[in-house]
Amino acid sequence: MGRHADLLARHRGVMPSWMTLYYDDPIALVDGEGRHVVDAEGNRYLDFFGGILTTMTGYGVPRVIEAIQDQATRMLHTSTLYLIEPQIELAERIAELSGIPDAKVFFTNSGSEANDAALMMATQFRSSDQILALRNSYHGKSHSTVAVTGNASWSATALSPFNVTYVHSGYRLRSPFGGLPEGEFVEACVDDLRDLLAVATAGDVAAMIAEPIQGVGGFVVPPDGYFRALKQVLDDHGILFIADEVQTGWGRTGDHFWGHQAHGIVPDLLTFAKGLGNGVAIAGVVGRADVVDCLPANSLSTFGGNPLAATAALANLEVLFEQDLQENARVQGRALQDGLQRLAEDVPEIAEVRGKGLMIGVEFAARGSLDPLPQVADGALQAARAEGLLVGKGGLHRNVLRIAPPLSITAAEVSEGLGMLDRAVRSATHPE
């Protein structure tokens with residue numbers, strides 16, 4: 001029995017059956033450098049998924065490693081019952097970067113926890129359990145975040161602490177309004193939001209939570225300005241806007257540091273996670289002081305923003321800005337998307353290539369229709385691994401390749417990865 005087969009047998013013995021694993025023969029990743037990883041059997045891969053968009057600046061980044069090692073020799077953990085200088089410094093930095101006036105920050109360990117905290121703040125502030133969420137959305141694995149997830153594949157329970165109304169997401173390819181010109185599409189979605197507020201809610205809705213680009217949903221990109229149009233309606237009703245930037249933050253979309261900035265808005269609350277710690281668990285919510293401060297009881301975060309995680313995040317942000325990785329995401333993302341568009345011209349099963357920066361989705365559907373082809377996406381995922389390339393998969397119908405390499409990806413690696421993707425997709429769509 002090989003190393004991976006042995007690990008899989010042990011995994012199945014002690015892990016829940018609902019924990020998703022990639023590949024027919026799952027692998028364990030044990031080492032990495034730059035944009036490459038090595039599995040437990042010594043195979044080397046170019047990583048175009050980065051631990052689900054978490055390895056932001058790359059593997060084995062010296063600045064981040066040195067910061068972690070130095071902090072680890074002094075203090076790993078104290079909890080928020082004590083002052084934590086790197087946590088305070090990181091909060092100051094994030095509050096400034098958020099663009100939210102007089103912002104305050106609360107740290108957690110994951111995006112699920114961050115969204116959970118934001119939902120608690122919003123519902124308390126508005127004295128309402130009513131939430132607007134988007135169809136095809138994903139916000140986490142906790143009870144409250146599953147309750148606002150509009151994707152059946154990731155909705156583990158129908159039980160909910162909220163009264164949730166789902167609105168259009170800007171997913172034009174599969175929208176009943178999708179055939180309209182862009183401006184008319186946005187108007188139709190706004191009209192639908194107004195109608196839902198009138199007939200499907202009981203007034204005093206607490207908040208809308210939205211991913212600027214839907215991640216698990218297949219990297220769905222709404223038209224620029226889409227959320228500005230929706231937010232104008234929300235503002236008329238005093239409804240808060242929560243931007244779930246767990247996947248879109250830190251410059252990944254290239255043109256903007258935060259995904260919501262493509263829509264010309266300032267959210268009331270913004271959640272972050274994933275790439276901030278470059279693999280170290282850190283997340284949180286930043287928002288208006290009056291909303292963040294509204295909770296009436298004492299609280300804390302045992303592990304959120306601990307000295308080790310906050311120090312790693314500060315070092316990671318230094319690398320991000322010093323190497324201008326947002327600009328690199330813009331440039332290399334454009335090259336990657338252009339290459340995939342050329343592939344789509346040759347492969348009719350590619351229904352759409354979409355994305356911004358280094359956040360690109362490739363959706364597969366039957367020729368001449370929108371019937372999803374999850375088997376093709378899965379085949380391409382498997383074939384890419386055989387080529388030496390790791391990518392992700394998502395979408396409501398599991399028919400979308402998700403491509404999101406570390407922001408430090410080079411032009412040579414983009415070219416290499418495109419060649420691997422070309423061969424993998426052609427193999428999946430025209431198996432011998």
Side-chain angles (χ1 to χ4, degrees), residues 19-29 32 35-37 39 45-56 58-59 110-112 136-141 149 151 153-154 171 211 213-221 244 246-250 252-253 259 273-275 278-279 329 332-333 336-337 339-340 343 350-364 372-407 409 413-414 416-418 420-422 424-425 427-428:
M19 280 184 64
T20 300
L21 290 168
Y22 273 166
Y23 309 119
D24 295 337
D25 299 307
I27 60 177
L29 303 179
R35 275 68 52 193
H36 289 82
V37 293
D39 71 20
Y45 307 92
L46 178 60
D47 188 359
F48 267 26
F49 202 39
I52 317 180
L53 293 79
T54 299
T55 306
M56 179 169 73
Y59 295 94
S110 70
S112 294
N136 197 48
S137 60
Y138 176 85
H139 296 289
K141 66 183 184 302
T149 287
N151 187 313
S153 298
W154 294 91
Y171 187 9
E211 304 158 275
I213 295 175
Q214 292 184 328
V216 170
F219 289 168
V220 171
V221 184
D244 178 346
V246 168
Q247 296 196 32
T248 48
W250 318 115
R252 176 164 287 279
T253 65
K274 296 287 187 187
N278 204 45
Q332 302 307 334
L336 188 52
Q337 193 163 345
L340 290 167
L343 176 61
I350 296 179
E352 186 172 58
V353 175
R354 55 180 178 255
K356 285 191 174 185
L358 290 172
M359 196 173 184
I360 301 169
V362 180
E363 179 158 354
F364 296 97
L373 293 175
Q375 70 275 19
V376 171
D378 190 59
L381 182 87
Q382 301 275 357
R385 173 195 162 186
E387 290 282 343
L389 180 72
L390 304 185
V391 296
K393 188 175 70 169
L396 178 64
H397 304 288
R398 307 294 290 162
N399 63 324
V400 181
L401 289 184
R402 298 170 66 199
I403 300 164
L407 305 192
I409 193 83
E413 289 164 342
V414 166
E416 179 187 9
L418 280 170
M420 294 175 175
L421 279 168
D422 186 290
V425 168
S427 169

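These numbers come from a predicted model, not from an experiment. Numbers for residues simply follow the sequence, beginning at 1.
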For Thr248, is there any backbone N or O sitting under 3.5 Å from a side-chain donor or acceptor partner on Thr253? no
Do Glu211 and Val216 come within less than 4.5 Å of each other through their side chains, counting heavy atoms only? no
Could you give the distance from CH2 (Trp154) to OG1 (Thr20), rounded to the nearest 0.5 Å? 4.0 Å
Between Asn151 (side chain) and Tyr138 (backbone), is there a donor-acceptor pair under 3.5 Å? no
The criterion is side-chain contact (heavy atoms from CB on, under 4.5 Å); which residues satisfy it with His36, sequence neighbours excluded? Arg44, Leu46, Glu413, Glu416
Distance, nearest 0.5 Å, that separates CG of Leu418 from CG of Leu343: 8.5 Å
Any side-chain heavy atom of Arg402 sitting closer than 4.5 Å to one from Ile52? yes
Return the set of residues passing side-chain contact (heavy atoms from CB on, under 4.5 Å) with Thr54 (not counting sequence neighbours), or none when no residue passes. Lys274
For the student: nearest non-hydrogen atoms of Gly379 and Ala428, plus distance: C-CB, 3.7 Å
Please tell me if the side chains of Glu387 and Ser427 come closer than 4.5 Å, counting only heavy atoms from C-beta onward. no
Interatomic spacing from CZ in Arg252 to CD1 in Ile213 - rounded to 0.5 Å: 10.5 Å
Under the side-chain contact (heavy atoms from CB on, under 4.5 Å) test, residues paired with Tyr59 that sit two or more places apart: Val37, Asp47, Thr55
Any side-chain heavy-atom pair of Ile403 and Leu421 under 4.5 Å: yes
Mind jotting down which residue pairs meet the salt bridge (charged side-chain N to carboxylate O under 4.0 Å, His left out) criterion with at least one end in residues 351-362? Sequence neighbours excluded, please. Asp224-Lys356, Glu352-Arg354, Arg354-Glu363
Rounded to the nearest 0.5 Å, what separation is found between the CG atom of Leu358 and the CD1 atom of Ile409? 7.5 Å
Before you tell me yes or no, could you show the steps for Tyr45 and Asp39 under side chain to side chain contact (heavy atoms under 4.5 Å, CB included), namely the whole-Å CA-CA distance, both residues' side-chain angles and the distance that decides it to 0.1 Å? CA-CA 8 Å; Tyr45 307 92; Asp39 71 20; 2.7 Å; yes
Distance in Å, Arg385 CZ paired with Asp25 CG, rounded so as to fall on 0.5 Å steps: 6.0 Å
For residues Gly417 and Leu389, report the shortest heavy-atom separation together with the two atoms involved. O-CD2, 3.8 Å
Taking the side chain as C-beta and beyond, is there a heavy-atom pair between Leu29 and Leu390 under 4.5 Å? yes
Compare every heavy atom of Ala384 with every heavy atom of Ala424, then report the nearest pair and how far apart it is. CB-N, 3.5 Å
Applying salt bridge (Lys or Arg N to Asp or Glu O under 4.0 Å), name anything that partners Asp378, two or more places apart in sequence or on another chain. Lys393
Partners meeting ring pair (Phe, Tyr, Trp, His ring centres under 6.0 Å) with Phe48 (sequence neighbours left out): none
Closest approach of Ala377 to Arg398 (non-hydrogen atoms, all atoms of both residues): CB-O, 3.7 Å
With a 4.5 Å limit on heavy-atom distance, are the side chains of Met359 and Val221 in contact? no
Here the gap from Asn136 atom CG to Gln214 atom CD, rounded to the nearest 0.5 Å, amounts to 4.5 Å
Can any side-chain N or O of Asn399 pair as donor or acceptor with the backbone N or O of Phe364 at less than 3.5 Å? yes
